[in-house]
Amino acid sequence: MTGEGGSEVDHATYLDAKRALDDRSLNRDVLDAFGAALPADPTVLEVGAGTATMVERLVEWGVVDGGRWVAVDAHEAALAAGRDRLGDRVGDVAMTYRVADAFEFAAEAAEAGERFDAVVGCAFFDVVDAAPAVDALSAVAPVAYAPITYDGETTLAPADPADDAVLAAYHRHMRDRRPGGPDGAEALADAAAETVTSGPSAWRIEPPYSPGDRTVLAHLLDTIESAVGEVGYDASDWAARRRAAMAADELAYRAANRDLLVRF
């Protein structure tokens with residue numbers, strides 16, 4: 001991916017850049033419910049763990065203070081960045097890192113008789129098909145905490161005449177060209193046996209931008225432009241106007257997300 005000015009931004013850098021955005025977006029009521037559902041010293045499986053910022057956050061916030069955390073991600077470089085930063089322990093939580101497809105890992109764990117107290121998937125359940133994901137993960141855990149799950153709406157301000165067409169094409173790309181879709185939160189709630197609790201966790205990026213927010217916003221504009229191009233919509237002029245607004249510290253971005261705690 002490229003950042004502002006065309007500079008290369010790797011996946012791990014993007015994930016680290018969005019940590020503060022996730023911090024302020026997470027729904028604390030749902031997070032508290034997740035913490036209350038965990039036993040002492042839990043064994044947690046995190047799918048799509050990225051650079052392992054979630055376990056770091058939960059230890060810092062006092063949600064988890066012991067046990068074992070298994071971080072699984074298919075992106076080797078991202079997971080390696082997390083392992084290099086955190087090592088084999090985060091506070092009193094023992095860390096294990098596995099480069100693997102989340103569902104293949106779950107199938108292998110189930111076959112070996114391994115169980116977890118919970119699954120965590122941040123910004124994960126909207127990029128996979130919810131029903132197969134629930135089937136795979138329910139074999140190894142009873143509950144899942146699914147924060148920052150896209151909930152079907154993106155807005156930018158000030159308005160641009162092409163916004164509606166671009167964002168409609170963006171959602172079409174989500175439906176047609178990748179697993180999951182723009183209704184990821186609803187799909188997970190429908191696939192799970194029970195939604196224990198849920199609440200909004202919108203991403204909001206507004207000027208003046210922090211360096212991390214600027215990196216994330218640049219990546220999001222790149223992502224939208226690239227995605228709509230794959231469904232035949234040329235958004236280059238729109239993207240140029242949006243990048244100019246960002247460079248002038250005039251662009252605001254909001255994505256509706258939902259945090260869910262579900263029982264399989």
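Since the structure is predicted, the reported quantities are computational estimates derived from the model, not experimental observations. We're numbering straight along the sequence, starting at 1.
- Phe264 is connected to Val70 through a chain of hydrophobic side-chain contacts under 4.5 Å among Ile, Leu, Val, Met, Phe, Trp and Tyr, so both are in one cluster.
- Val140 and Leu188 fall within a single hydrophobic cluster, where Ile, Leu, Val, Met, Phe, Trp and Tyr side chains are chained together by heavy-atom contacts under 4.5 Å.
- To the nearest 0.5 Å, the span separating NE2 on His75 from CG on Leu79 amounts to 10.5 Å.
- Taken together through direct or relayed side-chain contacts under 4.5 Å among Ile, Leu, Val, Met, Phe, Trp and Tyr, Leu220 and Val127 form parts of separate hydrophobic clusters.
- The structure places NE2 of His173 at 11.5 Å from CD1 of Ile224, a figure rounded to the nearest 0.5 Å.
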Show me, pair by pair, the donor-acceptor contacts under 3.5 angstrom made by side chains of residues 60-68, not counting sequence neighbours?
{"from": "Glu60", "atom 1": "OE1", "to": "Arg19", "atom 2": "NH2", "distance (Å)": "2.9"}
{"from": "Arg68", "atom 1": "NH1", "to": "Glu114", "atom 2": "OE2", "distance (Å)": "3.3"}

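- Annotation: side chain of Arg214 is in contact with side chain of Asp249 (closest heavy-atom distance under 4.5 Å).
- Distance alone, capped at 3.5 Å, places no donor-acceptor pair between the Asp129 side chain and the Pro132 backbone.
- Smallest separation of non-hydrogen atoms from Tyr150 and Ala256: CD1-O, 3.3 Å.
- Contact detail for Leu251 and Pro207: the closest heavy-atom pair is O-CD, 3.3 Å.
- Panel note: side chain Asp126, backbone Thr149; no donor-acceptor pair is recorded below 3.5 Å.
- At most 12 heavy atoms of other shown residues, nucleotides or ligands fall within 6.0 angstrom of atom CD in Glu76.
- Rounding to the nearest 0.5 Å gives a distance of 6.0 Å between CH2 of Trp203 and CG of Asp22.
- Both Leu167 and Ile205 belong to a common hydrophobic cluster when Ile, Leu, Val, Met, Phe, Trp and Tyr are linked at side-chain heavy-atom distances under 4.5 angstrom.
- For the pair Glu108 and Arg98, the salt-bridge criterion is met [side-chain N within less than 4.0 Å of a carboxylate O].
- The distance from the CE atom of Met174 to the OG1 atom of Thr154 is 6.0 Å, given to the nearest 0.5 Å.
- Each of Val120 and Val262 belongs to its own hydrophobic cluster when Ile, Leu, Val, Met, Phe, Trp and Tyr are linked at side-chain heavy-atom distances under 4.5 angstrom.
- To the nearest 0.5 Å, atoms CD1 (Ile148) and CG (Leu21) are separated by 7.5 Å.
- Residues Pro147 and Gly121 share a closest heavy-atom pair of CD-O, 3.6 Å.
- Ring pair Tyr145/Phe34 is parallel by interplanar angle, where below 30° counts as parallel and above 60° as perpendicular.
- The two residues Gly152 and Asp183 have their closest heavy-atom pair at CA-OD1, 4.4 Å.
- Of all the heavy atoms in Ala169 and Val231, the pair that sits closest is O-CG2, 3.7 Å.
- Counting heavy atoms from C-beta outward, Tyr253 and Arg242 have side chains that stay 4.5 Å or more apart.
- Looking at Tyr97 and Leu86, their side chains come closer than 4.5 Å, going by heavy atoms from C-beta outward.
- Using a 4.5 Å cut-off on side-chain heavy atoms (C-beta onward), Lys18 and His219 make no contact.
- Side chain of Asn27 to main chain of Asp29: a donor-acceptor pair is present (N/O by atom type, distance under 3.5 Å, no hydrogens or angles).
- When all heavy atoms are compared, the tightest approach of Pro200 to Arg258 is N-NH1, 3.9 Å.
- Under the 4.5 Å side-chain criterion, counting only non-hydrogen atoms from C-beta, Ser236 is in contact with Glu225.
- Of the inter-residue distances, the one linking Trp238 atom CH2 with Arg243 atom CZ reads 8.5 Å to the nearest 0.5 angstrom.
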Can you give each donor-acceptor pair under 3.5 Å made by side-chain atoms of residues 38-54, sequence neighbours left out, with the distance rounded to 0.1 Å?
{"from": "Glu46", "atom 1": "OE1", "to": "Trp69", "atom 2": "NE1", "distance (Å)": "3.0"}
{"from": "Thr51", "atom 1": "OG1", "to": "Asp16", "atom 2": "OD1", "distance (Å)": "2.8"}

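- For the pair Met246/Tyr209, a side-chain contact is recorded, criterion being any heavy-atom separation below 4.5 Å from C-beta on.
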For Phe125 and Leu137: C-alpha separation, side-chain torsions, deciding distance, then whether side chain to side chain contact (heavy atoms under 4.5 Å, CB included) applies. CA-CA 11 Å; Phe125 286 95; Leu137 297 172; 3.8 Å; yes
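- For the pair Val196 and Val30, the minimum side-chain heavy-atom distance is 4.5 Å or more.
- Between the side chain of Arg115 and the backbone N or O of Ala139, at least one donor-acceptor pair lies under 3.5 Å.
- Remark: the backbone N or O of Ala187 is not paired with any side-chain donor or acceptor of Asp190 at under 3.5 angstrom.
- Residues Asp259 and Leu26 are in side-chain contact: their nearest non-hydrogen atoms beyond the backbone lie under 4.5 Å apart.
- The environment of CG in Asp164 is sparse: at most 12 heavy-atom neighbours from other residues, nucleotides or ligands sit within 6.0 Å.
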